[in-house]
K.L.:
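Just dropping this structure here.
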Amino acid sequence: MDSNISSILSSKSSFICELREIKKYFHGVKALDGVDFRIRPGEIHALIGENGAGKSTLVKILTGIYQPDSGDILLDGKKVSFPSAHESQLQGIAAIHQETSMFPELSVVENIFMGHPIKKSNNISLDWRAMRKKTKELLDRLGIILDPESSIKNLSVAERHLVEIVKALSLNARIVIMDEPTSALTMNEVEHLFNIIRQLKKEGKAIIFISHKLDEVFEIADSYTVLRDGHFIGSGRLEEVSMDELINMMVGRSVNQMFPKIEVELGDVVMEVRNLSKFGVFNGISFKLLKGEILGFFGLVGSGRSEVIRTIFGIDDFDSGEILLDGKSVKISDPKVAMKMGIALVPEDRQLQGLILKMKIRENITLPIIDRIAKSFFLNYPKEVEIAEEYGKQLDIKAASWEDAVQSLSGGNQQKVVLSKWLATNPRILILDEPTKGIDVGTKAAVHRFMGELAEKGISIIMISSELPEVMGMSDNIIVMHEGVITARFKRDEATSEDIIKAATGLVKVE
Amino acid sequence: MLKLLKKKDFILFLFIVFVSLIISLRYPRFLTLSNLGDIFKDTVILIIVAIGQMMVIITAGIDLSVASGIALTGMSVGLLNQHYPGIPIPLIILISMLIGGALGSFNGLLIAYAFIPPIIMTLGTMSIYRGFVFVLSGGTWVSAHEMTDGFKAISGGHVLGIPNLFIFAAIIIALFAFFLNKTKTGREIYAIGGNELGAKYVGVNVKKIKYYVYLLSGVIYGLAGLLWVSRYASAQNDTAMGFELQTVAACVIGGVSIMGGSGSVTGVILGALFLGIVYNALTVTNVSPFWRMAIAGFLILIAIIVNTIAKKRTQYMMIKRRVF
Amino acid sequence: MGLSLSKDRVVEFVTKWEFLLVLIFIFVIILNSTLSPYFLNVDNILDTTFNFTEKAIIALTMMFIIICADIDLSVASIIAMASVFMGYASEVHGVQTSGLIMIAILTGIGAGFLNGIIITKLDIPAIGVTIGTMSLYRGIAYVILGDKAYTKYPKSFAYFGQGYIGSSPIPFEFIVFIFFAIIFGVLLHKTTFGRKVYAIGNNRIGAKFSGIKVDRIRLILFTLNGLLSGIAAILLTSRIGSTRPYIANGWELDIITTVVLGGVSISGGSGNVFGVIIAIFLLGFLRFGMGLLNVPGIEMNIITGFLLIIAIMFPNFLNNIKERMLKRETY
């Protein structure tokens with residue numbers, strides 16, 4: 001049984017933090033629509049939801065980066081507000097896994113104490129000895145082995161997380177928020193992290209644990225809150241709920257209902273990847289892609305899927321291996337070459353990689369094919385308008401005019417612009433990296449339907465997704481990656497969620 | 001923070017020793033005490049101003065107005081001394097720093113609070129300040145015989161056998177080494193350059209510190225302006241022309257990253273000394289002084305390229321540590 | 001149709017950068033003509049262009065560089081280096097005019113290409129590299145020439161910077177400028193190349209993912225900037241008739257100020273050639289006016305410096321006013 005602290009406190013049912021009816025809008029879109037949240041000291045509370053459910057918005061409100069448009073925040077029963085990130089920190093809230101607060105060139109000690117150093121009695125000079133000592137103390141308390149003088153830039157991702165936790169402690173944080181802390185961690189590092197979390201719980205800290213790895217949630221957390229599309233769906237203790245019920249709350253429909261898969265007859269091999277390796281990133285990647293196939297790539301953040309895809313598309317280079325198109329070995333040196341060969345990539349980061357925000361919808365859609373439709377180097381305005389019209393209508397992009405800047409569109413419509421842009425290149429192979437991330441349910445369904453139609457027309461699709469239901473529902477074949485290698489392959493009918501998750505977390509032997 | 005000589009600085013130090021030995025083989029005159037003394041004396045002002053430039057670069061900025069600031073403050077105090085020879089020396093020193101501070105403050109205000117990119121702002125003030133030198137002087141110079149002996153002794157004199165210049169340098173070095181390593185604000189300067197948003201999140205007053213960094217750079221080059229005209233006993237319109245590039249070179253050679261976030265006083269001193277040795281070698285080997293600019297430019301390029309390649313290599317080594 | 005002059009649209013137009021620029025331009029013309037009654041004569045106006053045409057042609061390619069979110073501080077130094085090479089070839093080796101032109105052009109291309117290669121292949125910020133080459137290139141000029149001057153140029157060489165088209169009052173230089181203005185204006189606004197430059201300046205990563213060869217385009221831009229600096233060296237040297245190592249000193253400030261004053265944002269991604277052309281003439285005539293007032297060159301730089309700073313501050317200032325007047329909600 002856990003420590004007495006938490007049982008005493010929960011019997012007194014005093015919440016350290018409460019959020020009531022929090023609403024937040026962005027450009028008229030409801031990011032949070034009346035969300036409630038409560039946590040007690042010494043409680044590990046999991047915040048669950050799909051991508052775009054509103055979890056990170058909630059966290060940003062708690063950490064003072066955003067202000068709620070309505071609703072209350074209470075600490076120890078009293079109404080508070082956090083006009084700035086610093087203010088939230090002063091009130092005892094700390095968030096880790098936000099690289100935003102790390103200074104790569106500076107040491108562990110400096111990163112921990114930046115902003116609140118220990119000074120000597122003259123109140124001017126810094127007392128490095130005291131800070132080093134305190135750092136060592138905190139590290140020891142959590143059983144972390146690190147040299148306090150090492151630079152952050154030399155630490156691994158896992159080690160940086162740990163430094164952030166130590167930093168939270170040094171700030172006497174009472175609420176520690178961890179946003180997907182186990183992505184890119186090995187099994188051992190995850191165990192270590194969990195032990196530290198349990199230690200924090202013993203000390204009476206309240207921990208908000210955000211993850212969509214439900215097995216981990218069940219292992220470490222006490223209670224849960226589920227969000228979906230900005231709405232509060234439900235909360236309670238994890239011992240009183242099953243994984244299926246949780247998934248149901250997260251997703252809202254059963255898997256089969258969501259993804260009406262159109263059966264397509266698969267053709268010949270259009271692309272084959274043989275032993276593709278990039279030192280330190282991925283190793284020995286081999287797979288075949290058939291005509292009309294939807295090939296799903298599942299894995300945790302950091303498993304290397306995006307890196308493989310970027311290599312295929314010519315953004316990054318690789319060390320060894322081959323790529324064959326229609327049986328012939330090809331050299332894809334940059335995206336332009338990939339495009340010429342009929343490959344298109346809808347990237348993961350919509351706003352940074354997928355679009356030029358300040359440019360018009362028409363300009364964005366025609367950007368990859370600008371040379372193709374040009375009249376010997378001159379811009380072909382009529383043709384651009386024609387293409388924008390064609391795809392805008394086909395994908396039902398909701399905008400006042402094609403001359404509007406893309407940044408004025410909602411997330412879903414922006415993704416439609418990205419899709420249009422790549423469909424306009426007439427690809428044979430379409431790669432989608434997290435195509436429905438951060439998109440409303442309606443657009444999501446439309447995108448899935450559209451993918452099916454494309455496959456029917458003979459376009460081969462590679463889809464990277466971290467949403468299990470999406471991968472299982474849409475793919476003909478599923479490849480699972482973990483830490484840069486392929487750990488499993490499944491045909492559509494053979495795949496079970498347990499097997500896939502096990503392969504993704506490295507519990508399965510490498511092939 | 002007790003690491004006195006970081007690896008990078010140590011390598012530079014060895015390189016300096018190596019280069020000096022090579023030169024002295026061909027020209028034994030090079031390693032004489034008097035020549036070394038000359039090198040130090042010639043480099044002192046560069047060291048002082050480069051320290052100010054370093055602080056600015058660490059915040060991911062740059063100050064191209066330092067040379068014009070030296071000229072303007074130099075001309076100002078030179079004219080003051082010419083027309084009001086009765087002003088006591090300590091007051092002149094103070095005035096030079098005040099003027100410099102005002103010049104730096106103008107930079108800092110608009111850079112920190114009006115969000116004008118440092119490169120543009122200081123490109124502008126570089127011309128503005130240089131123009132004002134001309135306005136002040138009316139086209140004339142202040143020459144040696146128009147300056148008081150006390151004025152010329154600021155740089156030329158000794159205290160207990162140690163040249164004044166060295167004393168000024170020692171004070172500035174000690175002050176700023178302390179400031180940058182041992183005070184809260186000093187460390188926050190590094191944070192701003194390393195991750196400005198992150199610094200804001202932990203409560204660093206980014207705007208105020210950016211303002212102060214340019215202000216301090218100004219105070220430093222204000223003093224340097226005085227030292228310059230005192231040393232060369234002349235305040236001209238083209239005083240310190242091109243000097244800003246030398247300060248950038250000293251910083252970059254000394255390991256200060258042009259992207260901000262890192263750099264040390266030791267490194268800057270070594271970088272400045274390296275430049276000083278190279279310039280002195282030109283004199284000793286009878287190469288014309290007109291080579292200076294080209295060499296400074298060349299060294300800046302080499303230093304930036306080497307630093308960048310080294311950074312990419314360490315990133316690669318980091319990945320190597322995490323192989324499957 | 002109805003009344004299209006709603007308050008909103010008026011505010012939009014009035015706060016448009018080019019409109020304000022034209023206002024200031026008219027003001028400068030009025031100022032100049034009160035200073036000198038001869039100013040408003042076509043022949044005289046054309047003659048004033050001699051003073052700023054060389055800077056103007058470089059401003060055209062600098063415009064591309066800044067729209068592309070880069071910067072090039074080495075242009076004036078490239079002029080110096082090219083001029084010194086021409087002087088050396090002419091005075092010491094008797095090279096004739098056509099040879100001199102080749103030398104300047106090759107120097108410009110070479111210097112710009114070197115900038116571009118280091119910046120794109122080694123992925124080093126343009127500020128750092130061009131501060132270095134700014135020093136290196138002019139340094140080379142000093143190494144070769146020292147404190148002397150080259151004054152022996154072939155007779156025919158003088159035509160480029162001093163000659164007129166036939167018997168008209170139009171300077172040859174000015175035609176060169178018009179020629180490049182048209183070419184680069186069309187290139188920026190009407191070709192795929194221009195669209196790509198805007199894309200890169202707005203979002204370099206997004207441009208790369210969209211199949212744009214970002215590094216190749218940046219390399220081309222730096223090389224072009226160098227080429228035009230070389231051509232400017234021909235015109236300038238020809239006009240002055242001699243070469244000193246400090247030729248075109250401080251011109252990088254003037255050129256960058258011109259581009260920024262022309263409405264090109266220093267962070268890249270926006271601006272147009274019309275604004276830059278207005279700014280070219282505005283600054284050119286302003287300098288001429290100051291010359292009429294006998295303001296020394298160094299002091300004119302004070303005004304240029306202030307103009308640069310104001311030109312950067314103003315867009316933000318204007319936006320604030322615009323937002324407030326249109327009572328737009330900002331999220």
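Here is the naming used below: chain letters follow the sequence lines, and residue numbers restart at 1 for every chain.
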K.L.:
Relative to chain B, which segment of C:Ile312 carries a heavy atom at a distance below 4.5 Å: side chain, backbone, both, or neither?
P.N.:
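It is the side chain, since no backbone atom gets that close.
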K.L.:
Using the side chain to side chain contact (heavy atoms under 4.5 Å, CB included) rule, take B:Leu301 and C:Leu136 through it: C-alpha gap first, then chi angles, then the decisive distance, then the call.
P.N.:
CA-CA 9 Å; B:Leu301 278 177; C:Leu136 178 65; 4.0 Å; yes
K.L.:
Side chain, backbone, both or neither: which part of C:Ile127 has a non-hydrogen atom closer than 4.5 Å to chain B?
P.N.:
side chain
K.L.:
Non-hydrogen atoms of chain B under 4.5 Å away: do they reach the side chain of C:Ile118, the backbone, both or neither?
P.N.:
side chain
K.L.:
Do you know the tightest heavy-atom contact between B:Phe132 and C:Ile302?
P.N.:
N-CD1, 3.5 Å
K.L.:
Determine the option with the most heavy-atom pairs under 4.5 angstrom with chain B, choosing from C:Gly146, C:Gly128, C:Ser267.
P.N.:
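Winner by heavy-atom pair count: C:Gly146.
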K.L.:
Sort C:Leu73 into side chain, backbone, both or neither according to what part of it lies under 4.5 angstrom from a heavy atom of chain B.
P.N.:
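C:Leu73 touches chain B through side-chain heavy atoms alone.
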K.L.:
What part of C:Asp254 gets closer than 4.5 Å to chain B, counting heavy atoms only: side chain, backbone, both or neither?
P.N.:
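Looking at C:Asp254, nothing touches chain B.
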K.L.:
Could you check B:Leu245, B:Ile304, B:Val252, B:Ile258 and say which one makes a side-chain contact (heavy atoms from CB on, under 4.5 Å) with C:Ile131?
P.N.:
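Testing each of B:Leu245, B:Ile304, B:Val252, B:Ile258 against C:Ile131, the sole residue satisfying side-chain contact (heavy atoms from CB on, under 4.5 Å) is B:Leu245.
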K.L.:
What part of B:Ile119 gets closer than 4.5 Å to chain C, counting heavy atoms only: side chain, backbone, both or neither?
P.N.:
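Just the side chain, heavy atoms under 4.5 Å.
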K.L.:
Where on B:Leu123 is there a heavy atom nearer than 4.5 Å to chain C: the side chain, the backbone, both, or neither?
P.N.:
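Backbone plus side chain of B:Leu123, per the 4.5 Å heavy-atom cut-off to chain C.
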K.L.:
Examine whether an atom of C:Ile124 lies under 4.5 Å from a heavy atom of chain B, and if so say whether it belongs to the side chain, the backbone or both; otherwise answer neither.
P.N.:
side chain
K.L.:
Please determine, among B:Ile295, B:Ile302, B:Ile305, B:Thr125, the option with the most heavy-atom pairs under 4.5 Å with chain C.
P.N.:
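Winner by heavy-atom pair count: B:Ile305.
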K.L.:
Please state whether the side chain, the backbone, both or neither of B:Ile120 comes within less than 4.5 Å of a heavy atom of chain C.
P.N.:
both
K.L.:
At a heavy-atom separation under 4.5 Å, does C:Pro296 approach chain B through its side chain, its backbone, both, or neither?
P.N.:
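The side chain, not the backbone.
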K.L.:
For B:Tyr129, is it the side chain, the backbone, both or neither that has a heavy atom under 4.5 Å from a heavy atom of chain C?
P.N.:
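Looking at B:Tyr129, nothing touches chain C.
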K.L.:
Non-hydrogen atoms of chain C under 4.5 Å away: do they reach the side chain of B:Leu64, the backbone, both or neither?
P.N.:
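Contact with chain C: side chain only.
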K.L.:
If you count heavy-atom pairs within less than 4.5 Å of chain C, which of B:Leu299, B:Val135, B:Leu110 leads?
P.N.:
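Of the options given, most contacts go to B:Val135.
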K.L.:
So what's closer than 4.5 Å to chain C heavy atoms on B:Ile128: side chain, backbone, both or neither?
P.N.:
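Contact with chain C is through both the backbone and side chain of B:Ile128.
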K.L.:
Please state whether the side chain, the backbone, both or neither of B:Ile62 comes within less than 4.5 Å of a heavy atom of chain C.
P.N.:
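Side chain of B:Ile62 only, per the 4.5 Å heavy-atom cut-off to chain C.
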K.L.:
For C:Leu307, is it the side chain, the backbone, both, or neither that has a heavy atom closer than 4.5 Å to a heavy atom of chain B?
P.N.:
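Interface part for C:Leu307: neither.
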K.L.:
Judged by atom type as modelled, is there a donor-acceptor pair below 3.5 Å linking the side chain of C:Ser135 to the main-chain atoms of B:Met293?
P.N.:
yes
K.L.:
Please determine, among C:Met134, C:Arg138, C:Met300, the option with the most heavy-atom pairs under 4.5 Å with chain B.
P.N.:
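The answer is C:Arg138.
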